[in-house]
Amino acid sequence: MMGARIRRIEPNELQELRERAAQDDHVVLAPTHVVEKDGEIVGYLSIGAIPIVNVWMDSERLGPRDSVAVLGQLDAVMDYAGQSTYFMPCDPSSPFHPVMEKLGFDSLMETQLFVRKAR
């Protein structure tokens with residue numbers, strides 16, 4: 001019996017990964033590696049495959065039209081960089097939170113973002 005290990009995903013493993021994750025009520029987002037144990041896929045990692053965009057906009061000096069214009073420019077920048085998908089964390093207290101879906105963002109899950117700093 002081997003312990004769990006990670007390795008790069010092979011293209012022909014994507015469907016199996018999606019099916020296994022769905023059985024555990026999870027979705028698969030841009031996998032770069034699989035977690036394998038005893039020769040079976042038991043998880044996945046997405047390492048740097050989808051960029052995270054952090055945003056702050058002055059709530060008093062920028063209005064809704066300015067914000068929408070900036071997000072449109074962000075889309076253009078991401079497209080120029082060859083990125084068709086990106087994550088944007090949004091705190092529930094943000095004025096953007098109630099309108100994120102109207103702005104074209106899909107809510108993935110209720111989650112909390114953690115950071116681990118180099119030691």
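Quantities reported herein were computed from a predicted structural model and do not represent experimental measurements. Note that these values count all heavy atoms, side chains included, but never hydrogens, waters or copies made by symmetry.
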With a 4.5 Å limit on heavy-atom distance, are the side chains of [X] and [Y] in contact?
| X | Y | answer |
| --- | --- | --- |
| V55 | V70 | no |
| R20 | E40 | yes |
| H33 | R7 | no |
| I41 | E16 | yes |
| M78 | P51 | yes |
| F96 | S67 | yes |
| Y44 | V35 | no |
| I52 | M88 | no |

Following the transitive rule for hydrophobic clusters with a side-chain heavy-atom cut-off under 4.5 Å over Ile, Leu, Val, Met, Phe, Trp and Tyr, establish whether [X] and [Y] coincide in one cluster.
| X | Y | value |
| --- | --- | --- |
| I6 | V28 | no |
| L62 | L71 | yes |
| Y86 | V68 | yes |
| I50 | V27 | yes |
| M57 | L74 | yes |

Might you point out which heavy atoms bring [X] and [Y] nearest each other, and give the distance in Å?
| X | Y | answer |
| --- | --- | --- |
| R8 | E13 | O-OE1, 4.4 Å |
| V34 | L17 | CG1-CD2, 4.4 Å |
| T32 | I47 | OG1-N, 3.0 Å |
| S107 | E101 | CB-OE2, 3.3 Å |
| Q83 | A49 | OE1-O, 4.2 Å |
| S46 | A30 | OG-O, 2.7 Å |

Please report the interatomic distance [atom1]([X]) to [atom2]([Y]), rounded to the nearest 0.5 Å.
| X | Y | atom1 | atom2 | result |
| --- | --- | --- | --- | --- |
| T85 | L29 | OG1 | CG | 9.5 Å |
| C90 | H97 | SG | NE2 | 5.5 Å |
| F87 | L113 | CZ | CG | 10.5 Å |
| H26 | M109 | NE2 | CE | 8.5 Å |

Side-chain donor-acceptor pair present, E19, Q23, cut-off under 3.5 Å: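 Note: E19 and Q23 side chains miss the donor-acceptor criterion.
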Side-chain donor/acceptor of D66 to backbone N/O of G63, under 3.5 Å: yes
Check: D91 side chain, S93 main-chain N or O, donor-acceptor pair, under 3.5 Å: yes
Residue R61 excluded, over 12 heavy atoms near CZ under 6.0 Å: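 Check fails, neighbour count at 12 or below.
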